[in-house]
Amino acid sequence: MSEVRTRFAPSPTGYMHIGNLRTGLYAYLLAKRYGGKFILRIEDTDQERYVEGAVDVIYNVLKITGLKHDEGPDIGGPYGPYVQSERKDIYKKYGDKLVDLGGAYYCFCSKEEIADVREHYNNGSQGPFKYNDPCRYLSTEEARKRIAAGESYVIRQRIPDTGTTTFEDAVFGKITVENSTLDESVLLKSDGLPTYNFANVVDDHLMKITHVMRGVEYLPSTPKYNLLYNAFGWEIPTYIHLPHIVKEDGKKLSKREGDASFDDFYNKGYLVDAIVNYIALLGWNPGTKQEIFSLKELEEQFSIEGLSKSPAMFDIKKLNWLNGEYIRKMPLEDFHKMAYPYYKKVITRKDIDLMKISRLLHDRTEVFYEIPQNIDFFEKLPEYDINLYVHKKMKTNLVNSAENLKAAYEALKSLDVWNEENVEAALKGTIQKLGVKNGQVFWPVRTALSGKQFTPGGAIEIAGVLGRDESLRRIEIGLKKLSDV
RNA sequence: GGCCCCUUGGUCAAGUGGUUAAGACAUCGCCCUUUCACGGCGGCAACAUGGGUUCGAAUCCCGUAGGGGUCACCA
């Protein structure tokens, strides 16, 4: 087999849809798996949708996800330019050539004319609308005369009236359609730029792309590509159509709800490796029970056979779990660095050692954005209901909580040096002296210190973070609450 | 509506004529434990449906239903 060459051909729309990223990921993985090349091509043929700075978004996502391309607009390559708007002349040349080869024709109908015909078309009884273009019967000579005279035109693909077209897809298998159901779509627009259909075929051929990866939405139009390749006499690449990624309700991931783009997740604090790992598994199965994959491992194990053909629902719960796995695997220092901004959102006190909090949170954090609500009590003791002291399993009630908390308070107060070791010794000592269960002291102390039902870390750790003065102050508040009963 | 595609637990999915139909997430329970989380153990839970073919079907064929896509001078 000749060198595998895949491409990622996003449109600069300003954001990177997660499904699109996955397509790019798979294209990248396939190339790497076979020691081939991964090419980046910018599909900016739609001038109306052009967004300033959108290309940078693409470079940026590729860079932080580690999908390094071997050829592209920014780094060049032997088959450039890699931006479609800079290839205008090429498309024009091949468009004319295709007309000569009989695979297309010039059309002078205006958008308005066609829209008018479409509007008066009775869609119900006669099947789908198909434009019967009078221009398809024009001779090429006559058409070129009109073009020379300055008439505006487009180039349309010529589709045989009869017969069928069959193509092979690596994941969906053999697909055959009637030519009569195919529309004679525009290949070269009146602004001189190609449509997606045409630009793709020309570029993929010229750039020697061997495997074309794209979403299933292109499946129905693929026969037209084959017709094009055949008309040119070009070799047809391997098609690999990928099913969509959908939401829980089966609907598309939407930009509006902030669950569609890579940035949405990245900005929420999801780890890049976790996102990549997760989407790799959404639609691809390694054939083993492995769930955690580094990019490197994916590069080694990716295979076309593992691709599935049914749509996959994006399950945020599993992404969260994976993210948690990655968080736990990262070094404490890295975790601290990433968690820091989230600490600053709720903690302003200077006497708190944030590193201590990192140690508490490292194993307990699944997603970074949940951090503030979990640690806000360090900053300020929240108002809490006195019944928080009552815990059935810990065997605590208002009465023994008051007693035990008081005893713990005395023990803690007499500590010379305030550190976790000593706090623990004091508390354990209290437990022994009182002859009660661990929880009967720890629970009320933790409650007094945090004012919360659940906290990262227990009484000892929290006391360690809070320090002597604040800890004792909070316990005093707790004692007062309990004595008011 | 025409055409094309898809259909194994709530979700991702293994499975390619003979399996007790994997595994993971979620969920539930238990253990660990000073709460929570982590970790460990265990449970619940699936072949859309109707016909064939076959000794035997999640696997092959046909129909039905449901879902998705597509029918632009957007990609």
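Below, read A as the first sequence line, B as the second, and so on, with proteins coming before strands; counting in each chain starts at 1. The model shown is predicted, which means the values in this text are computed figures rather than measured ones.
- Residue-level contact check: A:S308 touches the backbone only, with heavy atoms under 4.0 Å from sugar-phosphate atoms and none from bases.
- Applying the ring pair (Phe, Tyr, Trp, His ring centres under 6.0 Å) criterion to A:F368, with sequence neighbours excluded, gives A:F335, A:Y342.
- Both distances falling under 3.5 Å, in either a Watson-Crick or a G-U wobble arrangement, place B:rU7 opposite B:rA65.
- In this structure, A:V177 reaches the sugar-phosphate backbone alone: every heavy-atom distance under 4.0 Å involves primed, P, OP1 or OP2 atoms, never a base.
- Here the closest heavy-atom approach between residue A:L466 and residue A:E470 is recorded as O-CB, 3.5 Å.
- Between the CG atom of A:L182 and the P atom of B:rC3 there is a distance of 13 Å, given to the nearest Å.
- Nucleic acid contact for A:T288: none, since no nucleic acid atom lies under 4.0 Å from a heavy atom of the residue.
- Among residues two or more places apart in sequence or in another chain, the ring pair (Phe, Tyr, Trp, His ring centres under 6.0 Å) test is passed with A:Y278 by A:F314.
- Counted by atom type alone, A:S85 and A:D44 present one or more donor-acceptor pairs between their side chains at under 3.5 Å.
- Look at NZ on A:K224: it is 13 Å from P on B:rC74, rounded to the nearest Å.
- Atom pair A:F314:CZ and B:rC25:C1' shows a separation of 13 Å (rounding to whole Å applied).
- Distance, A:L307 CG to B:rC12 C1': 14 Å, rounded to whole Å.
- A:H17 places its NE2 atom 18 Å from the P atom of B:rA75, with the value rounded to the nearest Å.
- If you take atom P in B:rG39 and the same atom in B:rA58, they sit 36 Å apart, rounded to whole Å.
- Between A:R7 and A:D203 there is no salt bridge, since no side-chain nitrogen of the basic residue lies less than 4.0 Å from a carboxylate oxygen of the acidic one.
- Nucleotide B:rG1: paired with B:rC71 (Watson-Crick or G-U wobble, both distances less than 3.5 Å).
- Among B:rA75, B:rU7, B:rC5, the nucleotide with an atom closest to any side-chain atom of A:L219 is B:rC5.
- Residue contacts shown for A:S11 are limited to sugar-phosphate atoms, with no base heavy atom under 4.0 Å away.
- Comparing the P positions of B:rG15 and B:rC60 gives an interatomic distance of 13 Å, to the nearest angstrom.
- Between B:rC4 and A:K174, no contact under 4.0 Å exists linking OP1 or OP2 to a side-chain N or O.
- Nearest to the side chain of A:E217, among B:rC73, B:rC3, B:rG69, sits B:rG69.
- The side chain of A:E291 lies closest to B:rA24, out of B:rA24, B:rC12, B:rC74.
- In this structure, the CG atom of A:D203 is 13 Å from the C1' atom of B:rA75, given to the nearest Å.
- With A:Y270 as the aromatic partner, A:K268 does not meet the cation-pi criteria of under 6.0 angstrom to the ring centre and within 45 degrees of the ring axis.
- Straight-line distance between the P atoms of B:rG50 and B:rA57: roughly 14 Å, to the nearest whole Å.
- The side chain of A:N285 approaches B:rA14 more closely than any other nucleotide in the set B:rU7, B:rC25, B:rA14.
- Between A:F172 and A:K317, the residue whose closest nucleotide on RNA chain B is further toward the 5' end is A:F172.
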Starting at the 5' end of nucleotides 63-68 of chain B, put B wherever the base has a protein heavy atom under 4.0 Å, S where only the sugar-phosphate does, and a dash everywhere else.
-----S

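- If you take atom P in B:rC71 and the same atom in B:rU16, they sit 37 Å apart, rounded to whole Å.
- Considering only residues two or more places apart in sequence or on other chains, A:E178 meets the salt bridge (charged side-chain N to carboxylate O under 4.0 Å, His left out) condition with none of them.
- Here A:Y218 lies in heavy-atom contact (under 4.0 Å) with a base.
- For A:D363, there are no salt bridge (charged side-chain N to carboxylate O under 4.0 Å, His left out) partners at least two apart in sequence or on another chain.
- When the side-chain nitrogen and oxygen atoms of A:T45 are compared with OP1 and OP2 of B:rA75, one or more of them lie within a distance under 4.0 Å.
- Taking atom C1' on both nucleotides, B:rC25 is separated from B:rA14 by 15 Å, rounded to a whole Å.
- Residue side chain A:K318 reaches the base of B:rA24 through a donor-acceptor N/O pair under 3.5 Å, judged by distance alone.
- A straight line from CD of A:E43 to P of B:rC74 spans 13 Å, rounded to a whole angstrom.
- Atom CG in A:D191 sits roughly 14 Å away from atom C1' in B:rA72 (whole-Å rounding).
- Qualifying salt bridge (charged side-chain N to carboxylate O under 4.0 Å, His left out) partners for A:E43, counting only residues two or more places apart in sequence or in other chains: A:R41.
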Side-chain donor-acceptor pairs of residues 421-433 of chain A under 3.5 Å, sequence neighbours excluded:
from   : atom 1 : to     : atom 2 : distance (Å)
A:N422 : ND2    : A:V417 : O      : 2.8
A:E424 : OE2    : A:K428 : NZ     : 2.8
A:T430 : OG1    : A:A426 : O      : 2.7

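- A donor-acceptor distance shorter than 3.5 angstrom exists from the side chain of A:T222 to the backbone of A:Y218, with no hydrogens or angles considered.
- Along RNA chain B, the nucleotide nearest A:R156 and the nucleotide nearest A:P220 are compared for position; the residue whose nucleotide lies closer to the 5' end is A:P220.
- Atom C1' of B:rC6 sits at a distance of 16 Å from the matching atom of B:rU64, rounded to the whole Å.
- One P atom belongs to B:rG18, the other to B:rG42, and the distance between them is 28 Å to the nearest Å.
- Pair assignment for B:rA45: none, as no Watson-Crick or G-U wobble contacts are both less than 3.5 Å.
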List the protein contact pattern of nucleotides 34-50 of chain B with one symbol per nucleotide (5' to 3'): B for base contact, S for sugar-phosphate-only contact, - for none; contact means a heavy-atom distance under 4.0 Å.
BBBBSS-----------

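- Using N1 to N3 plus N6-O4 or O6-N4 for Watson-Crick, or N1-O2 and O6-N3 for G-U wobble, each under 3.5 Å, B:rG23 pairs with B:rC12.
- In this structure, B:rA57 makes no Watson-Crick or G-U wobble pair, since no nucleotide meets both defining distances under 3.5 angstrom.
- Look at the P atom in both B:rG23 and B:rA46: the space between them is 15 Å, to the nearest Å.
- For residues 317-328 of chain A, every residue pair satisfying the salt bridge (charged side-chain N to carboxylate O under 4.0 Å, His left out) rule, not counting sequence neighbours, is listed here: A:E291-A:K318, A:E325-A:R328.
- A donor-acceptor pair under 3.5 Å is absent between the side-chain atoms of A:N179 and the main chain of A:D161, judged by distance alone.
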